[in-house]
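Here's the structure we're looking at; comments come further down.
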Amino acid sequence: MSVEKKTILPKSNISLGNYLRLIWDYRFFSHSLAVGEIKNKYARNITGIFLSVIQTLIGLAVYWLIFGIAIKIDTGNIPYPVFAMPGIIVWQFFSYLVGNSSGALTNSEHLINKLYFPRINLTLAKVLPGLIDFGSGFIVFIAIFLIFGVSLSISWLAIPLVVVVLIICGFALGLWTSILSLYIRDLSQIIIQITNFLIFVTPVFYPGTIVPENFKFILYLNPVAGVIEYFRAILFGSNLPETGYFIGFGIILIMFISAIMVYKRIEKQITDLL
Amino acid sequence: MKNEKAIIIKGLSKEYFKKDSSRVGFFDKFKQNKSGQSFFALKDINLEINKGEVIGIIGPNGAGKSTLLKILAEVTPPTSGSVEIFGKVASILEIGIGFQPELSGYENIFLSGKLYGLTKKQILAKLDKIIEMFGFPDFINSEVKHYSSGMYMRLAFSIIINIEADIYLFDEVLSVGDAEFQERAIDEIEKLKHVGSTIFIVTHTPITILRICDKILLLNKGTQISYSIPNKVLIEYKKLVSQFNTKTVESEYDLNEENLRFKKNIFSNNEDFIFDLTRVKLYNIKSIVKELSCNEDITLDINFQYKSIQNVKLVVLIKNKFDNVLVSYPIDIESSDSIAYRKLQIIITSNTFNEAEYIIDILVINVNNTIEVGYQNLINAEFFSPFKEIKNLSGYINLPLKVDIKYL
């Protein structure tokens with residue numbers, strides 16, 4: 001029987017391929033952390049899952065009152081609640097991932113100190129709870145969709161593609177916030193302020209088309225804007241948005257790859273950085 | 001097979017930079033501030049460990065024991081040097097780490113097993129054995145957060161024992177839990193030893209693990225002081241520790257008049273009777289170290305002053321820590337009209353007692369066999385033996401029995 005041999009050196013010399021395989025091998029760990037978090041969030045009280053749905057609906061009602069009824073934003077032939085809902089659930093997914101990832105490493109200090117595993121899996125574990133929220137929000141959306149009698153479109157087949165992009169975007173942003181949280185202790189407070197501001201430069205409760213051409217570049221640079229715009233286009237079977245949004249997707253791809261590279265590099269030092 | 005290596009550590013060092021947390025600026029951490037104050041948690045450690053050896057790691061606080069284990073467990077990287085490990089490692093830096101409180105015991109077996117590198121198939125094969133060892137099959141489907149601490153540890157241990165790693169790293173596992181758990185833990189580690197696993201144990205209380213260790217590594221301030229068989233290392237450890245707390249050990253086994261006054265209890269109101277201990281000292285004559293070895297003669301000096309119109313008896317009681325009297329030495333003291341001073345010396349010959357904790361009481365009783373004065377729990381003494389004893393079975397006292405075997 002051959003004995004497995006391992007060498008521990010000051011700098012890890014793991015290749016990117018092996019690193020990705022390692023993350024994949026430890027997916028069960030992320031999974032169990034995620035299940036624990038979901039149980040903690042929902043199973044403890046029966047109201048858990050309803051509470052998140054009610055939260056979404058209250059948000060929707062407020063936007064409807066302000067932007068749909070008071071300001072009367074032009075959403076074409078789509079009723080305002082149906083229009084706003086996809087933006088809200090996408091935004092919730094991102095703010096959940098970014099907000100929770102800032103604590104992914106720092107709140108698991110005892111695990112990091114006592115156990116070996118790819119640290120990136122702690123952040124990965126935040127994706128599933130976020131998706132559960134997204135899923136329950138989407139079910140509510142379908143209900144609203146049916147109530148307002150908007151017709152279903154063949155383009156819905158492309159929804160999985162949007163979800164994949166959504167996950168990559170959310171994960172990439174989450175990874176970077178978790179990396180920054182190692183260096184900036186009060187990051188979660190800063191993040192709350194930033195997300196409160198960013199929601200206004202993202203087409204969550206207004207269509208991207210009403211933004212003047214001169215300022216469109218702000219939306220193009222914002223990957224969340226792209227996700228929401230394409231998600232809406234697919235849901236409502238309308239014309240696809242401008243290709244300018246791909247700038248944002250490009251940025252997110254760079255962020256995603258660079259975040260994994262950074263993790264691979266600082267992986268072992270994380271214990272000492274905490 | 002005999003000299004196959006399990007771990008080779010070469011020139012291993014770990015340097016930490018002192019952080020002044022009061023003024024860590026926003027971006028200070030980004031700069032690799034090498035100019036700041038640094039210290040070595042480990043400095044140039046070189047070790048070769050053979051397969052199947054049990055290594056105890058001891059040393060005072062801040063010696064680098066846990067840091068060494070953390071490097072072996074790949075939790076933190078070394079600053080320089082290298083470690084080569086042959087075989088599968090299971091690091092138990094904390095009992096039950098990695099358990100998810102929200103998941104059931106059953107789910108946690110799989111989670112834990114996978115963290116130790118087993119496949120689902122391998123875990124399934126061992127599942128029955130794990131649950132049997134756990135001993136609470138009815139609770140296997142309830143969430144771990146509802147477990148008692150004892151159940152929690154038993155589950156953790158039954159998983160650890162069944163993962164069949166080649167190398168086990170235990171950090172301070174023996175310092176958690178109650179005495180019963182510690183006994184169990186040592187038993188379990190001993191079982192691992194019997195199946196030929198290589199084991200590292202970090203401990204603050206070397207006595208507990210002595211009997212299972214083949215070799216002991218003594219660290220102090222990050223440097224390797226010695227690495228050898230337990231007896232040798234333990235003597236060095238005692239020297240090292242006694243440098244730190246000579247005073248406390250001295251006052252513990254060497255009581256002056258003032259200490260003794262606090263411990264005195266008067267049981268009768270006989271005004272003609274005066275008795276005061278003035279000094280009590282318990283020591284090994286030959287030993288240089290401050291701890292008491294039961295393999296050498298132990299001397300008990302008792303200085304006292306008294307005045308009594310009757311003859312009295314001074315009784316020295318030696319009890320175990322559960323307050324059971326093991327032996328008593330009554331000593332006759334003749335009456336004295338004026339205050340008299342005496343010094344008693346009792347020598348407990350070597351190997352009378354075995355390694356354990358003992359409590360010494362001194363009582364004075366009158367002719368009617370009632371207690372006049374008592375000094376209860378006068379000395380709480382721990383006797384050490386560097387020799388391996390038959391655990392749990394050695395008892396407190398060695399009786400001078402004669403054993404005769406006839407060949408029939």
Side-chain angles (χ1 to χ4, degrees), chain A residues 1-14 22 25-44 108-119 121 125 129 179-187 190 265-274, chain B residues 4-9 12-17 19 21 24 26-30 32 51 66 69-89 91-95 97-103 107-108 110-115 117 120 143 145 166 171:
Chain A
M1 202 182 80
S2 70
V3 184
E4 48 181 298
K5 188 193 158 188
K6 191 162 56 180
T7 311
I8 300 171
L9 293 167
K11 289 263 183 290
S12 74
N13 44 4
I14 188 167
L22 199 65
D25 283 345
Y26 273 84
R27 65 190 182 278
F28 69 89
F29 183 60
S30 298
H31 180 256
S32 67
L33 285 175
V35 171
E37 190 168 329
I38 291 163
K39 277 197 182 174
N40 204 3
K41 203 170 157 201
Y42 295 125
R44 277 246 178 104
S108 301
E109 195 171 343
H110 73 288
L111 274 178
I112 293 173
N113 262 321
K114 304 272 174 171
L115 205 61
Y116 169 76
F117 56 88
R119 310 312 189 197
N121 287 59
I179 291 167
L180 289 177
S181 72
L182 290 171
Y183 302 96
I184 306 166
R185 260 296 139 118
D186 37 11
L187 188 68
I190 300 168
R265 202 184 148 82
I266 65 165
E267 171 94 1
K268 286 202 152 191
Q269 274 95 309
I270 286 176
T271 318
D272 301 336
L273 283 170
L274 281 168
Chain B
E4 221 174 305
K5 294 279 176 277
I7 298 178
I8 301 171
I9 300 174
L12 195 72
S13 296
K14 175 77 186 179
E15 191 178 12
Y16 279 110
F17 292 93
K19 292 175 220 162
S21 56
V24 170
F26 221 54
F27 295 101
D28 277 2
K29 276 197 186 173
F30 287 116
Q32 285 284 329
K51 229 172 206 170
S66 295
L69 230 57
K70 274 186 177 179
I71 292 173
L72 295 180
E74 290 189 86
V75 165
T76 186
T79 309
S80 60
S82 71
V83 183
E84 280 178 76
I85 299 178
F86 303 89
K88 199 168 88 180
V89 182
S91 45
I92 299 99
L93 302 194
E94 191 183 308
I95 290 288
I97 189 81
F99 275 6
Q100 271 292 311
E102 307 287 339
L103 299 183
E107 289 166 307
N108 269 304
F110 281 87
L111 171 60
S112 225
K114 281 176 171 174
L115 278 175
K120 200 171 177 182
E143 289 172 6
K145 65 178 175 191
D166 302 302
D171 188 6

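Since the model is a prediction, treat every value here as computed from it, not as a measurement.
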On the ring face of A:F117, is A:R119 found with NZ or CZ under 6.0 Å from the centre and within 45° of the axis? yes
With a 4.5 angstrom heavy-atom cut-off, could you sort out which part of B:K70 is near chain A: side chain, backbone, both or neither? side chain
With chain A, the option among B:T79, B:L115, B:L103 that has the most non-hydrogen atom pairs under 4.5 Å is B:L115
Taking atom CZ of A:R27 as the centre, report whether more than 12 heavy atoms of other residues, nucleotides or ligands fall under 6.0 Å from it. yes
Quiz question: by atom type and distance under 3.5 Å, do the side chains of B:T76 and B:K14 form a donor-acceptor pair? yes
Among B:S13, B:S80, B:P77, residue most engaged with chain A (heavy-atom pairs, under 4.5 Å): B:P77
What residue, out of B:S91, B:G81, B:P78, has the most heavy-atom pairs lying under 4.5 Å from chain A? B:P78
Examine whether an atom of A:H110 lies under 4.5 Å from a heavy atom of chain B, and if so say whether it belongs to the side chain, the backbone or both; otherwise answer neither. both
Hey, mind stepping through B:F110 and B:K120 against side-chain contact (heavy atoms from CB on, under 4.5 Å) and telling me if it holds? CA-CA 7 Å; B:F110 281 87; B:K120 200 171 177 182; 3.9 Å; yes
Could you tell me which residues satisfy side-chain hydrogen bond (donor to acceptor under 3.5 Å, both in side chains) with B:Q100, sequence neighbours excluded, listed by chain and number? none
Region of A:L33 that comes under 4.5 Å of a non-hydrogen atom in chain B: both
Given heavy-atom pairs under 4.5 angstrom as the criterion, report whether the side chain, backbone, both or neither of A:N113 touches chain B. both
Residue B:S82 versus chain A: region with a heavy atom under 4.5 Å: both
Quick one: list whatever passes salt bridge (Lys or Arg N to Asp or Glu O under 4.0 Å) with A:K6, sequence neighbours left out. B:E74
